[in-house]
Structures are given as structure tokens and as C-alpha cells.
Amino acid sequence: MPESELPKAYEPASVEPRWYEFWEQHGVFNASLDPKDTRPVYVIPMPPPNVTGSLHMGHALYTIQDVIIRHARMRGLNVLWQPGIDHAGISTQVVVERQLKREGKTRHDLGREAFIERVFAWKEQSGGRILEQMRVLGFSADWPRQKFTMDPDMSRAVREAFVRLYEQGLIYRATRLVNWDVESRTVLSDLEVETEENVQGELYEFAYQVAGADASLGATELVVATTRPETMLGDTAVAVHPDDPRFTHLHGKKLAHPFVDREIPVITDPVLVDMAFGTGAVKVTPAHDFNDFATGKRHGLAEIAVIGPNGAMNEQAGEFAGLDRFAARKAVKKRLAELGLARGSKPHTMTLPRSQRTNSVVEPMISTQWFVKMEPLAVPALEAVRAGKTRIVPEEWVKTWEHWLTNIQDWCISRQLWWGHQIPAFYCVSCSHVNVTRADPTKCEKCGSAELERDPDVLDTWFSSGLWPFSTLGWPDKTLALERFYPANDLETGYDILFFWVARMLMLGLHFMGEVPFRRVLLHGMVVDEVGDKMSKVKGNTLDPLDLIQGAEFENLVKKSLPDAPLDEAMAKFKKAYPSAAQMGKGFAAYGTDALRLTLVSYSPQAKRIALSPARIDGYRRFCNKLYNATRFALAYVADEAPSGAVPVATLLQNRWILSRFARAVAASTLGIEEFRLDDGSGALYHFVWDELCDWFLEMSKPVFANGTDAEKAETRAVLAHVLEGSLRALHPYAPFVTEELWQRLPRPASRPVSLALAPYPGAADGRADAAAERDMALLMSAVGVARTTRSENELHPTAKVPLELRTADAHARAVLKAEARAIEFLVGTAGPVVIAEPGGARPAGTVLDVAGDVEVLVGLRGLVDKARAAERSARALKAVEKDIVIMTKRLENKNFVANAPPEVVTEARAQLAQLERQRARLLEARKLIEEL
RNA sequence: GGGCGCAUAACUCAGCGGUAGAGUGCGUCCUUCACACGGACGAAGCCGCAGGUUCGAUCCCUGCUGCGCCCA
């Protein structure tokens, strides 16, 4: 038997790498640029992972894109899914600088050029690993078209975009209060600042003495409350509310600064000051606080920076100069106390701004930076979504989108880093003119001086990502690729980069290409641990997709995720984060890529959190094994078939039925993929394969192969070969490896291509809808089910044979059951032929009666019946039916229901009630029979 | 302070204006020749709480409670 060639269990590890190599060798993932290729195209721009990153669960979610891409490819479209890597400015620079630090060096020891060379070397060595890991996940990307955001052609696009925006007045340079990352010593955009909530801090109070105070008018000092005492060195005013009676006598007064030689005014400001908060008086530091900055502008206050780029106090801080800002905080408090100006402190819950990349507390600083003027770009983007040119799915994100874009701030794009696209601005030393040019200039375009200094800053990483959908296709040149593959059809990514990436691509795509870069944006949630917490290294609840694919012992996992914690503590954290893993024993089995993929797409796409459940992955691993074994079974019979691809003639009930169910399943899968409901699409196929194909169709074909006529056998072989081949095609986008492995072993039509990845996706024409077959099968399934329940309730050995009689008044039902006698006998395990009869007549002694709809099921259990259990079950069934009867009766007795509900609902309810009452009658009979046993 | 979302079986999650579903787990029986990674059968839910709309609400609306996220 051919099946003996296959091991009994599916082993993904021995199968998956082989097929990936095969696909790449045959170039099945490559888009066609042949000018004569007229196929419609389908494009998803792949989000380029960071060059520093190693594969995490977020990347594994690219599976959603791959399923859609593979489906499109199987539908015969010219598909482009172009992979790439992002240079990831800050992250990468931080990684390499940390390496240098271990060698006792800084980037300044190397110099800019050598440092960049070093980063490139690092990138070559370890940066591409993630793309290798993506192959493990089966992603069908067009690898020969792989891009890196710092490739020469990408850099050219970036420079072109910058120059054009500058020429159009949309990029400008300005001095503003910006977010400063003290650790990496660069400015950040608003989006790169994250707020840490519920930080336990203190509200510290101290007093400013009023200059020339008159004690008879009131207090001679003004007490302010602050969370940042050290910034008082840069205070240029104290604000009170104009309506606050406590401070009326101080309006217009000056305060003496205790540490620096400066008097600062008391100002009144209803915007900044909340009378109820703190002391009602607010110190104003325009150079280090956004609200204070705005206040300063309103009142014409000086902006005195007291903190330097490294986070230490500068020379303006007088005696505190040189201290780190946090050390300065302590020092200032100590000195205030010594001067008798401290007025105590209160615990205070606050929020802290932190750098997304380095996590250090962000310092507002005044600095000269490059900005993109956003409003002219945002308005067309807003309109494009409103007009439906790009659709955001799920729609709930549209509100967020609208809110952000309508309140958008100008985008700070310069970064004080070395790693990235250096800004193409050249300052003339003699006339100060700013030359912004496509090619490096040799002399100033204004005064002709050859003395030019290039701006040292680089661009925000997201600037180049924003050009991705067209820069990767050759822009600014008019290439065939650009013409063919822009705009893309869909974009699929996490909601966390809706603004960072999606919005900017849409704005820049509209601006430079005059057309939206994609028609749909599909936003998925974040992968979190099984109990819903964000995955983080600190919590030790991260999962590496490769550990799930290849298997891993929990002990090794926790050693990897929390290397510094005691083993039992780390293990406890891990098991708390993954309750289902805690029940598993020592570790994860090698679930394989397909199981992980099926799991990831099984989550509802509208869930904001995807709580990854190891038990669920294991469930899909079993599904792969089920599919594998179903094919093993089939191969024993169909190995010599030569299917034509046409739907086989079917006369046997189960053959007609499975063709009908198959048509439904593939329709559901296709709809699911098209509607971005991969959970529904894959679920339909899962249940089709397991619950219908395996549990009923394969089971019913066994007696055919054992005892059927040659014609029946031939028909069943043809249907089995056809449906199985079709099922593998249908499942391939979700589970590419196991399906390719099995498909290559199955007989298949001669017209099929070399790889399943290129075979046509099945459609309605691959099945045959048959309502009658579905109805008749339902009857059979329910009768068999009831008979089996009776057997099981009485604890019969599975191989024990029982006499079976089915009685029904419905002549059609009798005909169906009679025709399917062989199947029923096999599925129930009957002693002798099943008797099909009309109701009434004597019941053989020792027979248990149950009902399946309108069919009485009589199982002969002479001497085997557990009377008590049978009675118990009978009572339970009766109770359930009577409960339903009460519900239905009440509903139908309600005049309003009958009058107002749609007529078909009323008719349906009446039919249900009638059915229930017939069931009750039979159950009462059955109960009587038990008593007689 | 503003906004968004979630609350359904022990766990993780679907679903839905008309008698509540899946996977895992749990219980019983069984190594029957595709699969014990299996089969058959079964137990298990005030669908968060309180109102409202409706002939009918787990579903729609309002409020509350709890949890999560985003923005300021």
C-alpha cells in the first residue's frame, strides 16, 4: 500500500524547509514584469522590518498578508509582495553604539565615516537574518526584488522627495521647543514620545520671595508647586490666575530668584493656571515645558535653557552647572531647604514622556530643526479616505484617523544621528545661504562660494518608509514596475503604525504620485500573551515564533527570556502568562509553521489584542496531522486515479453531499479572504475537512471500498480524489507546507502546474450544490447520531454489534434510510441489517427507543441496558424538549408576536412547536418502554 | 480631561434581533485495519450589572462597574 511510504504522523520539520527551497527554485513567488503579461495585478506593500529586529510575533502576523497574497496568486493574478528592510535610524545606531561601548569606544572615536561603515558591516552580518526567518514562516515574497531603505536607489528617491518638498515650501527649518532624547542625543517627533502613566512622583513646593514686598498687603512670598524643581533655574515668570483673590496684591510684582541673578515677574494667565491645583501659582520655564513655552510666547518671556543636550545642567544653571538633571533636582531641593524656601511636598501621580526607542525621559528643548508642513499634505489624505479612495478596515479606525489628521502638527524630520539619510542641505559659510540640491553642490548657488558645510543631521527613518510603495518600484524614474504595481491593492499592518507609516505613505503617495498608494488598509491588533498582557522582555512573556515552530522546552524559553531571574521565578511568570502551556508539561511540541499560521489567522481581525494561546496552536497542529492522515488513507485508494479536474459524476448520497459541502466551504473561504475575515475563511475549511470530509465522507466510503460494486467504488475514488485535491488547493494559502507536501503525492489533473502555489484556487465550479443531498444526509447523520448516543449511554464496547430499527412515517425518509442501509450499519455497528419501517407495531423486547427528529430509533440492547441510566437520559431529553415547548408555546400564545413578527418567523415557530410535540410524544413512549424492560 | 475598544463555558475566543458556538481542557467508553496528534458519546453558560426600545434583547440604546489601549 502506498500509504506505508508515509510515516504515521505528520512531521513538519522534515517537510517544510524542502518545499520552501522548491518554491524559490521555481521562482513561483516572483512578479512578472514582462510587458506582454496582461494579467491583472495584485500588490501588497510589505512593511519592511527593522534591520535590528529579530523575528517576533508581530512579524509572524505577516501571515495574514501571505494568505491573501497566495490566494491572489492562485487566482491567476500577477502578484507582487516585495520584501525589504528598514535601516531603523535610532534603533540601529543604539545597537552598534552599545557594541562599541563594550569595546570601550564611542562613535566619536571612529568618526562619522568609519562609524557608518561599521554599521553597514553589522547590517551585512546580522541584519538580514530576519528575512531568512521569514522564509521559515513560508512567506511568499518576491525575494529578488528585496530592498533596503539605504540602498543607493532608495536614497536617491529620499533625496528627490526632500528636495521637491523643500522647493515646494513644504519643508522648512525652524527653531522650536522639541522633544529631546537625552540618551541618543537627538530630537524626536511627537509620535516617538510615549507617555508613561501613573508614575508616582511628588509635587514639591517652594517659595519665591517678593521683591520689595509690603507685608501689610499680604504674603511676602509666592509658593509654587512643581514636579521638576531643577527647572526653576530657567524660570522666567510665575503665573497666577487673574481671578484668584489670594494673589491680587502680587499682580505686577517681581520675585527674587534665589540662585541666579534675575528678578522674574508675577504674571496672570487663565490658560496655564488651574486655581485648584497645587498652590495656585505656577512657575514658568519656557525653555523646558510645552505649556510654559506657549505661555512665554503669550507674555513675551525670555526662554532660558538650563539643560544641555546630554541632560546635564548647562552654564545658565549657575552653581548647579554640570550636574545631571536628576542630580540637579536633589541639589536644588537641598539648597532651597538650606535657604528656608522649601515648603514641603505631596505625593503626586503624574505622566512621564519617554523615548520610544531608548525609554529615557524626554526633555523639552529649544532647538533648530527641519520640519515638514503637514496640513497641505493631510487635507488630501483626509479627503481620499472620506471619498472612499482608500478604505480603512475595520472602520472603527476612521475616527482615530480623522482626529489625528485634522489636528496634525508639523513633522520634525531631522535627527542628530549618523545612521540614516543625511539631509541634502549645504550651508554657505560666506553668505549663509542654504543650498538644497539633488547632487552635492561644489559652490553656493547664491554667492558662488566654494565653502559649503553640509547639515550633519539625518532624516527620520519614517521619512524613507513613507515613500516605500513607490520608491521600491523605481521612483522618481518612470519605470514599468511603477506603472504596473502602483497603486497597490491592499496594505495590511498593525494599528500601532497607523500614523507613523500608513498616514505618511498615504500623504506622500498622494503628493508625489497623485494617487493613493493603496485601496484598502487592513489594520490588525497586537499579539499579546495568553492572559492579555503586552509581550515584553521585562515581563518574560515574549514568545519567539521559531520556538513554536521548532519546539522548545519551557526551561530553555525562560532562560532565554529572563536570563537574570531565578529559574523558578521566571518559570512562574511564564506559566502565569500562558495558562494553557502550564498544563502541557515540559515544553512546546514542534508545532510547525502551518499550525502557527492557522492559529494566527484564526483570531478575529477586529480584535485589538491577539492573545496567543499555545493550546490553540496545538489544536491546529493536530489538524495538520488529520489532513495528512486523511490523505494517507485516500492514497491507498486513489493513487492510480487520473482526475481530469472536472467535477465527477456522483450518485451515492455521501458523494453528492461532499461535493455540495465542498462548494460551500470554498465559497466561504474565498469570501473570508476577500473580506479580510481569514478567521471565517480558514474556519470554514477546518470544519469542512475535519467534521465533514473525515468524520462522515471518509467513514462512509469505507464500506463502499469494502463491499461496494465496482461502479460505486470507481465513483467514490473519483470523488475522493477530486475533493481532496480541491481541499488542498483551498487550504494552501493558510497552510502552504503540508498542503504542498500532500498535493505533490496525490494524483492530479495533467493541467496542474509544478507547484500547488500556482494551482488555481478552487471555486464554485469545483463542487456541485445539492440541497437534496444535504437534507438527506442530515437525516442520516441525525439517526446515526441518536443510535450512537444510545450505544454510548449504555456503555457498549465500540465493536459490539446491536440490532437497529428505524421507523418513520415519512416515505421519503424511509427511502433514503433504506438506500443508505449499508452506511448506517457500518456507522452504528449493527448486528444484521437495519430494519426500516413505518411507526407502530410491536417493539422487540430489550429495545431502547429514542428519537431523531421524526425518526424513531430502536436499538436492541437485550441484557445490556443500564435501566437507571437510560431512564436518566430519557428524563433529561424530555425535560429539554418540554422546556423548548414552553418557550415556543408562550411565544405563539403572544398575540403581539403573531401579529407583528414576520410571517415566515411565525410559520417557522409553528413548525418547530409541532416537531417538538411529536418528539415529546415519542419520548414519552420511550420512557414507557424503559419501564417495561 | 477627551476618544476608542473589550466583558459569552475552566482557559483562549467566535457569533447573533427569533431555542447559545469553536479550539483546548474536563468526564465515560475504546488502541475497530488513515489518524490515540484518534474515534464515539457526554457534562459544563443569570452571554458583567441596572434600566430602556421591541411582539421578542446575549445582540440595538442609556447608565453603571471592571479591564485594556490611544490622544492631551
Side-chain angles (χ1 to χ4, degrees), chain A residues 1 3 6 8-10 190 194-195 197 290-291 351 394 396-397 399-400 403-404 407 495-496 498-499 525-526 528 530-534 578-580 582-584 589 591 595 599 602-604 606-637 677 679-680 683 686-687 690-691 694-695 698-699 702 706 784-785 788-800 827-829 869 873 876 880-881 883-888 890-891 894-902 904-906 908-909 912-913 916:
Chain A
M1 293 229 295
E3 70 182 79
L6 289 169
K8 271 176 84 168
Y10 177 58
D190 299 342
E194 294 178 340
T195 43
E197 306 210 12
F290 285 94
N291 289 320
T351 58
E396 68 187 67
W397 288 105
K399 267 191 192 172
T400 312
H403 182 258
W404 189 71
N407 296 288
Y495 68 77
D496 56 329
L498 178 60
F499 305 138
M526 299 293 113
V528 295
E530 197 168 6
V531 294
D533 286 341
K534 214 181 243 182
Y578 297 99
S580 80
Q583 302 174 328
M584 280 178 181
Y591 298 132
T599 306
S602 75
Y603 288 90
S604 171
Q606 53 219 32
K608 282 201 174 175
R609 292 183 301 172
I610 298 171
L612 196 68
S613 166
R616 195 148 156 177
I617 310 174
D618 196 46
Y620 283 105
R621 178 177 67 99
R622 294 184 205 191
F623 173 72
C624 292
N625 189 58
K626 187 77 180 174
L627 184 68
Y628 170 87
N629 272 295
T631 306
R632 249 174 22 109
F633 169 80
L635 280 172
Y637 300 101
R677 290 307 303 255
D679 53 334
D680 291 340
Y686 176 98
H687 289 290
W690 202 313
D691 303 345
C694 291
D695 287 353
L698 291 187
E699 288 308 311
K702 285 175 184 174
V784 167
R788 283 172 163 177
T789 304
T790 304
R791 288 186 57 122
S792 179
E793 287 286 327
N794 289 287
E795 296 189 334
L796 257 63
H797 192 278
T799 54
L827 294 168
V828 176
R869 286 179 73 106
R873 175 179 151 68
R876 206 165 48 227
V881 167
K883 185 184 136 220
D884 292 345
I885 286 175
V886 169
I887 291 168
M888 278 301 173
K890 261 192 190 161
R891 180 177 302 172
N894 183 343
K895 287 195 186 74
N896 289 325
F897 171 72
V898 179
N900 297 321
E904 62 272 19
V905 173
V906 178
E908 174 64 22
Q912 275 176 14
L913 182 60
L916 286 166

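Predicted, not measured: the structure shown is a model, and the values here were computed from it. Convention: sequence-line order gives letters A, B, ...; per-chain numbering from 1. FYI, side chains are in, hydrogens and waters are out, and symmetry mates aren't considered; it's all heavy atoms of this structure.
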Heavy atoms only, 4.0 Å cut-off, all strands: where does [X] land among base, sugar-phosphate and nothing?
X	value
A:P902	base
A:Y628	nothing
A:D884	base

(Q) With nearest nucleotide decided by heavy atoms, which residue, A:L913 or A:H797, maps closer to the 5′ end of RNA chain B? (A) A:L913

Q: Return the 5'-most residue of the pair A:I887, A:D618 with respect to RNA chain B, ranking by each residue's nearest nucleotide.
A: A:I887

What distance, rounded to whole Å, do you find between the two [atom1] atoms, one in [N] and one in [M]?
N	M	atom1	answer
B:A20	B:C4	C1'	28 Å
B:C13	B:G18	P	25 Å
B:G27	B:A44	C1'	10 Å
B:C60	B:C6	P	9 Å
B:A57	B:G15	C1'	15 Å
B:C59	B:G21	C1'	14 Å
B:G45	B:U8	C1'	7 Å
B:U62	B:G1	C1'	22 Å

Drop me the distance from [X]'s [atom1] to [Y]'s [atom2], to the nearest 0.5 angstrom.
X	Y	atom1	atom2	answer
A:D190	A:F499	CG	CZ	12.0 Å
A:N900	A:K895	CG	NZ	13.0 Å
A:D680	A:S602	CG	OG	11.0 Å
A:W397	A:T400	CH2	OG1	5.5 Å

Q | Donor-acceptor pair, side chain of A:R791 and main chain of A:G829, under 3.5 angstrom | A |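 Yes, because the side chain of A:R791 sits within donor-acceptor range (under 3.5 Å) of the backbone of A:G829.
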
Q) With distance as the sole test, does A:N625 use its side chain to make a donor-acceptor pair with the main-chain N or O of A:Y10 at under 3.5 Å? A) yes

Please enumerate all residues that pass side-chain contact (heavy atoms from CB on, under 4.5 Å) together with [X], with sequence neighbours excluded.
X	value
A:A607	none
A:D679	A:S604, A:P605, A:R677
A:M888	A:R891, A:A909, A:Q912, A:L913, A:L916
A:D691	A:H687, A:D695

Q: Give a yes or no on whether a donor-acceptor pair under 3.5 Å exists between the nucleobase atoms of B:A34, that is its base, and the side chain of A:K702.
A: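 Side chain to base: pair present.
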
Expressed in angstrom and rounded to an integer, what is the separation of [X] atom [atom1] from [N] atom [atom2]?
X	N	atom1	atom2	result
A:N900	B:A57	CG	P	14 Å
A:R891	B:G17	CZ	C1'	11 Å
A:N894	B:C55	CG	P	9 Å
A:R621	B:A36	CZ	P	12 Å
A:L498	B:G5	CG	C1'	15 Å
A:K895	B:G56	NZ	C1'	17 Å
A:K399	B:G5	NZ	P	6 Å
A:N629	B:C33	CG	P	13 Å

Q.
Checking A:E699 now: which residues fulfil salt bridge (charged side-chain N to carboxylate O under 4.0 Å, His left out) with it, not counting sequence neighbours?
A. A:K702

Q | Residues which pass salt bridge (charged side-chain N to carboxylate O under 4.0 Å, His left out) with A:R622, listed by chain and number, not counting sequence neighbours | A | A:D618

Q) Which of these passes ring pair (Phe, Tyr, Trp, His ring centres under 6.0 Å) with A:Y620: A:Y603, A:Y591, A:Y686? A) A:Y686

**Q.** Contacts of A:F897 that satisfy ring-ring contact (aromatic ring centres under 6.0 Å, His included) - sequence neighbours left out
**A.** none

Q | Protein proximity profile, nucleotides 38-44 of chain B - base contact B, sugar-phosphate-only contact S, no contact -, cut-off 4.0 Å on heavy atoms | A | SSSSSS-

**Q.** Nearest-neighbour nucleotide for the A:K608 side chain, B:G18, B:A34, B:C4 considered
**A.** B:C4

Q) Can you list the steps and then say if A:V528 with A:D533 is a side chain to side chain contact (heavy atoms under 4.5 Å, CB included)? A) CA-CA 6 Å; A:V528 295; A:D533 286 341; 5.9 Å; no

Which protein N or O atoms sit under 3.5 Å from an N or O of nucleotides 70-72 of chain B?
none

Return the polar atom pairs (N/O with N/O) between nucleotides 11-15 of chain B and the protein under 3.5 Å, or none.
| from | atom 1 | to | atom 2 | distance (Å) |
| --- | --- | --- | --- | --- |
| B:U12 | O2' | A:A611 | O | 3.3 |
| B:G15 | OP1 | A:R677 | NH1 | 3.4 |
| B:G15 | OP1 | A:R677 | NH2 | 3.0 |

**Q.** A:K890 side-chain N/O to B:G56 phosphate OP1/OP2 under 4.0 Å
**A.**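 The answer is no; no side-chain N or O of A:K890 sits under 4.0 Å from OP1 or OP2.
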
**Q.** RNA chain B base-pair string [pairs: Watson-Crick or G-U under 3.5 Å; |: paired with another strand]
**A.** (((((((..((((....[..)))).(((((.......))))).....(((((..]....)))))))))))).

Q. What residues form a side chain to side chain donor-acceptor pair (under 3.5 Å) with A:R609, not counting sequence neighbours?
A. none

